[in-house]
Amino acid sequence: MPEILEVESYRRLADRVVGATIVRGWADAYSAKKLTSIAAWARSVKHRTVTGTGRRGKLLLLDTDGVRLGMRFGMTGVLLINDEAGIDGLFYGPHTFRSDWVRGGLEFDDGRKLIMHDPRRMARFEIDPDLSALGPDALALTKSQFAGVVATRGEGPPIKARLLDQSAVAGVGNLLGDEILFRAGIDPRTPTGRLNDDQRADLFRAFTQTMRTLQRRGGSHLGDHMDGRHPGAFCPLDGATMLTATIGGRTTYWCSSHQR
Ligand SMILES: [Zn+2]
């Protein structure tokens, strides 16, 4: 699943169309689900020039001289550039390209196309997306913003659920959340409000370290805890039994020994 690190890679790919003018946009019924109509995408993007790219969490932003465009990648969405030389994009894991999995995109005056490829049909286009529901971006999270993420009244939700809450911090997906807690040595079930000062410091350090390290390695699926991510697995760090439960709606893995 594309998490923030993958979407940041899509943003860098999209940087290549900055300065290009859109001659045509198209969207299918799935990618247009958050729009007023399928035609809204084509109408809003025509003759616009791309002026820049941005990202908030897992939402990719494309600024134009008119509207701001948003792209969400769902479970399996991938951004591709199609030019005469072929298709250039960022597939990860096992993949196949099929033209009937193209959900929409933008065609530019120089002939290139920016394409949303998505077998599972959960990717969405947005026009002037509302950013007010999203917390600060996880890749640029400051210490004071982090203090806000772990601030609660009372016990609050389990820390894993809080990390996944996009209104608290935008961009932490399931794998990154588990990797951060694995590195911090914190039990994902711990109520956010019960983290002590040492745990908060460890968590912030692990948070920034995880983002940096996995970006360098090339994706959120390349974390240290991944080998422990199946039933009956042992902790890659200390060999203890790994535990699993659904927390914050997502399948969570953690070590029975070093995560407390
Ligand atoms: Zn362990």
Side-chain angles (χ1 to χ4, degrees), residues 1-9 57-58 75 92-94 135-152 154-260:
M1 166 179 301
E3 293 195 11
I4 186 171
L5 302 176
E6 288 72 28
V7 178
E8 174 60 12
S9 304
K58 293 180 262 188
M75 304 283 288
Y92 47 91
D137 186 70
L139 266 180
L141 194 73
T142 65
K143 200 163 186 176
S144 66
Q145 287 171 334
F146 175 79
V149 175
V150 292
T152 59
E155 291 212 325
I159 183 59
K160 169 74 187 287
R162 175 54 63 95
L163 291 176
L164 294 179
D165 178 354
Q166 302 296 301
S167 69
V169 53
V172 179
N174 197 36
L175 298 180
L176 286 174
D178 280 2
E179 178 74 9
I180 291 165
L181 293 165
F182 180 86
R183 286 173 177 247
I186 294 171
D187 185 323
R189 299 168 298 184
T190 311
T192 302
R194 277 215 210 140
L195 294 171
N196 62 37
D197 288 347
D198 285 348
Q199 286 176 311
R200 285 169 188 232
D202 289 345
L203 189 59
F204 181 63
R205 199 175 310 118
F207 194 109
T208 52
Q209 215 177 54
T210 297
M211 293 295 163
R212 226 177 10 240
T213 306
L214 297 198
Q215 192 169 24
R216 198 183 59 231
R217 287 182 192 171
S220 48
H221 60 293
L222 298 170
D224 290 351
H225 88 286
M226 291 301 288
D227 284 345
R229 208 172 173 82
H230 59 88
F234 299 102
C235 174
L237 198 65
D238 53 38
T241 311
M242 291 292 281
L243 303 174
T244 185
T246 302
I247 304 174
R250 305 298 304 277
T251 303
T252 301
Y253 285 90
W254 73 99
C255 172
S256 58
S257 173
H258 87 270
Q259 289 183 254
R260 295 171 176 278

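Ligands are counted one by one from 1 in listed order, and the atoms in each one are counted from 1 as well.
Salt-bridge formation is not detected for the pair Asp187/Arg194: no Lys NZ or Arg NE/NH1/NH2 atom is positioned less than 4.0 Å from an Asp or Glu carboxylate oxygen.
Within the 3.5 Å criterion, the main-chain N or O of Gly171 finds no donor-acceptor partner in the side chain of Asp137. Between the Gln166 side chain and the Leu164 main chain, a donor and an acceptor come within less than 3.5 Å of each other. With hydrogens and angles ignored, the 3.5 Å screen pairs a side-chain donor or acceptor of Glu179 with a backbone N or O of Asp224.
Looking only at side-chain heavy atoms (C-beta outward), Val150 and Ile159 come within less than 4.5 Å of each other.
Judged as a side chain to side chain contact (heavy atoms under 4.5 Å, CB included), and not counting sequence neighbours, the contacts of Leu237 are Phe182, Cys235, His258.
Around the Zn ion (ligand 1), protein N, O or S atoms at a distance under 2.8 Å total 5; waters are neither shown nor counted.
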